[in-house]
Amino acid sequence: MTAHQPKLDWRRTHTCGQLRKSDVGSSVTLNGWVHARRDHGGIYFVDLRDRYGLTQVVLGAEHKDAVKLGPEFTISVHGKVVARDAANINKERPTGEVEVIVDRLEILSRSKVPPFQIDTDEEVALETRLTYRYLDLRRPNVQKNLVHRSRFINAMRRAFEAQNFVEVETPILTKATPEGARDYLVPSRVHPGEFYALPQSPQIFKQLLMVSGLDRYFQVARCFRDEDLRADRQPEFTQLDMEMSFVEEDDIFKTWEQVLKATFKDAMNVDIQTPFPRMSWIDAMERFGVDKPDVRFGLELSEAGEWAATCEFMVFKEAIAKGGRVKALVVPAKLELSRKDVEDTLTCIAKAAGAGGLAWWKAGKEGGVGPLARFCKGEAAASLMKAIGASEGDMCLFAAGPRNQVWRVLGDIRTHLGKRFALAQQGTWKFTWVTEFPMFEWDADSKRWFSAHHPFTAPRDWDLGGADVGPQDPKLGELFSRAYDLVMNGWELGSGSVRIHKTDVQQRIFDILGIGAEEQQRKFGFLLEALSFGAPPHAGFAIGLDRLTALSLGMDNIRDVVAFPKTTSAADLMCGAPSIVAPEQLTEVHIKTAVPPAKA
RNA sequence: GGGGACGUAGCUCAAUCGGUUAGAGUACCGGCCUGUCACGCCGGUGGUUGCGGGUUCGAGUCCCGUCGUCCUCGCCA
């Protein structure tokens with residue numbers, strides 16, 4: 001007659017971040033990982049950790065198992081919640097006023113000694129962290145980034161749904177595109193010698209959804225680009241992608257301003273300023289020298305062309321005569337740039353940006369100091385100071401040459417100075433819409449035009465002669481598009497455009513890009529066909545969620561907000577991807593590699 | 001594809017001008033400790049200095065190559 005013994009239940013009644021003074025007296029069961037252990041001979045303390053926090057559990061001498069507990073063992077403890085003596089309260093922890101006196105300990109899972117310590121904030125080499133990413137993610141500071149990301153994305157979802165958007169999934173196995181980034185290819189088993197491509201973005205599909213009448217679409221979309229990596233670029237990344245019908249730029253801007261305002265409030269309780277200021281691309285370049293200006297600080301570029309045209313400094317004079325530009329960056333005297341700073345560091349930046357050198361002048365009514373001083377005698381000094389808005393003692397830096405180079409030189413220097421003097425106020429999020437980008441960019445190597453944004457972007461000024469010029473016409477470089485970027489704190493967060501919704505316009509753009517009629521049909525026939533069935537005017541936008549969530553945490557490496565990121569060489573150190581595959585697998589998909597089987 | 005930095009104990013780092021047996025902290029193992037909270041104290045194990053070659057009486061250190069990680073230029077419609 002064996003009485004039926006109910007099996008002891010090891011499952012938790014509370015999490016490790018939950019217990020407070022109000023729980024004193026109750027019996028609880030906690031599950032978690034052994035974080036830190038403190039053995040005092042007759043008494044043994046364990047900080048038990050789970051996603052929610054740490055709770056100190058106390059084991060008396062009767063628990064012989066306790067001394068066998070290793071770091072990162074997974075255990076279950078049952079016991080009574082007691083209040084700590086005033087002297088023993090840990091003010092650093094939310095659970096620090098209580099502890100659990102354990103009457104039952106069960107080891108759920110043992111652990112090998114971990115390759116690095118989970119219970120410290122010691123910096124560990126990324127190589128090791130990524131190899132054991134599942135352990136790295138146990139570290140509270142790393143884990144909280146993923147939790148934040150989840151909260152952030154869900155807040156965005158709610159904001160879009162509140163505005164009647166429909167979330168639609170688009171294919172991952174799709175078609176290679178001739179323009180843009182390098183595609184990741186997937187061989188087809190069923191169609192020998194043919195390939196799918198992973199999407200660089202859901203661009204064409206979302207436009208087709210507008211043709212379908214979905215009207216408002218969004219998606220948390222994974223995108224793939226086979227290009228080299230950076231701190232802010234992974235080969236696969238996530239966009240919050242959207243598209244709207246019967247709208248123009250304004251509507252997209254307003255929608256996103258609402259979504260981002262709601263998201264920052266919802267996920268972070270941060271109030272961001274809306275509407276976001278708008279700035280044309282040409283203004284951004286002229287004022288800041290870059291298309292993604294950090295507007296948290298001033299230090300804007302000034303115009304020196306008029307002064308340069310009549311000055312005695314031949315480099316300036318000739319630059320203007322050749323149709324180039326001369327601009328200046330006036331660095332206030334209080335920032336204290338030394339001659340060495342200018343002639344070493346800043347000149348180095350200028351040269352890297354394509355300049356021959358960096359002309360400088362410490363402004364002064366008596367002619368100032370520096371290489372430019374001898375051209376600034378008498379009236380010239382005063383007129384230059386007036387032209388560029390400099391005061392006595394300011395350090396004035398000049399770039400002369402083709403406008404793209406002038407912008408870049410001074411833009412790079414401005415960005416550098418912003419970082420060096422910490423000019424940007426931390427903890428603020430300043431958004432700007434940058435609008436009216438150039439339509440085409442000339443590629444000197446292939447001697448043809450490329451879309452600055454993508455080939456489906458509507459031109460702003462179709463009448464400017466664009467409809468008649470041939471595909472080699474330099475005038476195409478003067479055309480602007482209806483593309484726009486969202487910039488925050490000097491980062492490009494996302495981009496979008498008003499789209500072409502007419503077949504003939506789309507065909508004309510393909511013509512200019514050197515995509516012939518036959519190729520247009522083969523590669524984009526379905527899109528051109530779709531546009532011929534009453535396509536509504538539409539526009540869209542996509543934001544890089546990895547960058548946005550990283551920035552909202554004050555980080556500048558997106559690996560910190562990606563669960564399983566890849567290295568600079570696009571490898572996954574944990575699972576060992578990419579890897580060779582069995583010859584049979586290759587045969588099945590009709591692939592023969594040109595690489596000898598060296599690393600087997 | 002180019003440039004730069006780095007690679008030493010499980011982890012984080014040190015090692016003088018090229019010179020004795022490559023050290024420290026931490027982790028781990030053993031011992032002690034009933035109020036700690038990154039507990040403390042005592043003792044111990046632990047090294048193909050990424051890998052291969054070269055120079056040298058002698059290489060962690062210098063040279064060449066290679067692999068890996070990071071940053072960056074090109075690239076990323």
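Every value quoted in this text rests on a predicted model; they were computed, and no experiment measured them. Chain identifiers are assigned alphabetically (A, B, ...) following the order of the sequence lines, protein sequences preceding nucleic acid strands; residue numbering begins at 1 within each chain.
If you take CZ of A/R408 and P of B/C73, they are 8 Å apart, rounded to a whole angstrom. Distance NZ (A/K566) to C1' (B/C71): 20 Å, rounded to an integer number of Å. One interatomic measurement links the two molecules: CD of A/Q56 to P of B/G35, which rounds to 13 Å at whole-angstrom precision. Protein atom CG of A/D183 is 14 Å distant from nucleotide atom C1' of B/C75, rounded to whole Å. To the nearest angstrom, P of B/C70 lies 12 Å from CG of A/D560. When the P atom of B/A38 is taken as reference, atom CG of A/D119 falls 10 Å away, rounded to whole Å. Residue A/I558 contributes atom CD1, which lies 12 Å from atom P of B/C70 at whole-angstrom precision. What separates CZ of A/F116 from P of B/C13 is a distance of 14 Å, to the nearest Å.
Backbone-only contact: A/L573 has heavy atoms under 4.0 Å from sugar-phosphate atoms and none from a base. Heavy atoms of A/P455 sit under 4.0 angstrom from at least one base atom. Using a 4.0 Å heavy-atom distance criterion, A/N88 is classed as a base contact. When heavy atoms are screened at a 4.0 angstrom cut-off, A/P114 is found touching no nucleic acid atom at all.
For the side-chain contact (heavy atoms from CB on, under 4.5 Å) test, residues two or more places apart in sequence or in another chain that qualify with A/L146 are A/L137, A/A563. A/F510 is linked by a ring-ring contact (aromatic ring centres under 6.0 Å, His included) to A/F524, counting only residues two or more places apart in sequence or in another chain. Listed by chain and number, the residues in a side-chain hydrogen bond (donor to acceptor under 3.5 Å, both in side chains) with A/E436 are A/R460 (sequence neighbours excluded). Under the rule for a side-chain contact (heavy atoms from CB on, under 4.5 Å), the partners of A/D47 that lie at least two apart in sequence or sit in another chain are A/H35, A/A36, A/R38, A/L54, A/Q56, A/R93. A/K91 is linked by a side-chain hydrogen bond (donor to acceptor under 3.5 Å, both in side chains) to nothing, counting only residues two or more places apart in sequence or in another chain. The side-chain hydrogen bond (donor to acceptor under 3.5 Å, both in side chains) search around A/D136 returns A/R129, A/R133, not counting sequence neighbours. Remark: A/F450 pairs with A/E179, A/D443, A/S446, A/R448 by the side-chain contact (heavy atoms from CB on, under 4.5 Å) rule, at least two apart or across chains. For A/D183, the side-chain hydrogen bond (donor to acceptor under 3.5 Å, both in side chains) partners two or more places apart in sequence, or in a different chain, are A/Q200. With sequence neighbours excluded, the residues forming a side-chain contact (heavy atoms from CB on, under 4.5 Å) with A/Q234 are A/L229, A/I558, A/R559, A/P565, A/K566, listed by chain and number.
Using a 4.0 Å cut-off between charged nitrogen and carboxylate oxygen, A/K80 and A/D103 do not count as a salt-bridge pair. Salt-bridge annotation for A/R508 and A/D504: absent, with no side-chain N of the basic residue lying under 4.0 Å from a carboxylate O of the acidic one.
Taking atom P in both B/U8 and B/C13, the straight-line distance is 9 Å, to the nearest Å. As rounded to the nearest Å, B/G60 and B/C75 have C1' atoms that lie 38 Å from one another. Of the P atoms belonging to B/C41 and B/A5, the separation is 41 Å, rounded to the nearest Å. Nucleotides B/G46 and B/G58 are separated by 27 Å at their C1' atoms, to the nearest Å. Here the separation of B/A59 from B/U16, taken at their C1' atoms, is 16 Å to the nearest Å. Between the P atoms of B/U21 and B/G35, the separation comes to 47 Å (whole Å). Comparing the P positions of B/G4 and B/A9 gives a spacing of 26 Å, expressed to the nearest Å. For the P atom pair drawn from B/G65 and B/G74, the interatomic distance equals 26 Å after rounding to whole Å.
Phosphate proximity of B/U69 to A/S569: present, with a side-chain N or O under 4.0 Å from OP1 or OP2. The phosphate of B/C71 has OP1 or OP2 within less than 4.0 Å of a side-chain N or O from A/N557. Contact annotation: A/R38 side-chain N/O to B/C39 OP1/OP2 distance is under 4.0 Å. For A/R559 and B/C71, the shortest distance from a side-chain N or O to OP1 or OP2 is below 4.0 Å. When the side-chain nitrogen and oxygen atoms of A/R547 are compared with OP1 and OP2 of B/C76, none of them lie within a distance under 4.0 Å. Residue A/T568 places none of its side-chain N or O atoms closer than 4.0 Å to OP1 or OP2 of B/U69. When the side-chain nitrogen and oxygen atoms of A/T120 are compared with OP1 and OP2 of B/U12, none of them lie within a distance under 4.0 Å.
With 3.5 Å as the limit, one finds no donor-acceptor pair spanning the side chains of A/N31 and A/D50.
Using Watson-Crick or G-U wobble geometry with both donor-acceptor distances under 3.5 Å, B/G43 finds its partner in B/C29. B/U49 is unpaired under the criterion used here, namely a Watson-Crick or G-U wobble arrangement in which both key atom distances are under 3.5 Å. Of the nucleotides present, none pairs with B/U8 by Watson-Crick or G-U wobble criteria with both distances under 3.5 Å. Figure legend. B/G23 is base-paired to B/C13; pairs are counted as Watson-Crick or G-U wobble with both atom distances under 3.5 Å. As the counterpart of B/G74, no nucleotide is assigned, since no Watson-Crick or G-U wobble pattern has both distances under 3.5 Å.
Contact check of residues 226-236 of chain A against RNA chain B (heavy atom, cut-off under 4.0 Å) returns A/E227, A/D228, A/R230, A/A231, A/R233. Less than 4.0 Å separates RNA chain B from at least one heavy atom of each of the following residues of residues 444-452 of chain A: A/S451, A/A452. Applying a 4.0 Å cut-off to non-hydrogen atoms, the residues of residues 121-132 of chain A that approach RNA chain B are A/E122, A/E123, A/V124, A/A125, A/L126, A/E127, listed by residue number.
Once the 5.5 Å centre distance and the 30° plane angle are applied, the aromatic ring of A/F45 is found stacked with the base of B/U36.
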| request: Quick one: do A/F288 and A/R414 satisfy side chain to side chain contact (heavy atoms under 4.5 Å, CB included)? Show the steps, please. | output: CA-CA 8 Å; A/F288 302 99; A/R414 176 182 178 272; 3.3 Å; yes
| task | Determine, step by step, whether A/F218 and A/M244 satisfy the side chain to side chain contact (heavy atoms under 4.5 Å, CB included) criterion, reporting the C-alpha distance in whole Å, the side-chain angles of both residues, the deciding distance to 0.1 Å, and the verdict. | result | CA-CA 9 Å; A/F218 84 102; A/M244 302 170 83; over 6 Å; no
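Positionally, the nearest nucleotide of RNA chain B for A/R84 lies more toward the 5' end than for the other of A/R84 and A/T177.
At least one side-chain heavy atom of A/E99 sits under 4.5 Å from a side-chain heavy atom of A/V82.
The nucleotide whose nearest atom lies closest to any side-chain atom of A/E99 is, among B/G10, B/U36, B/U69, B/U36.
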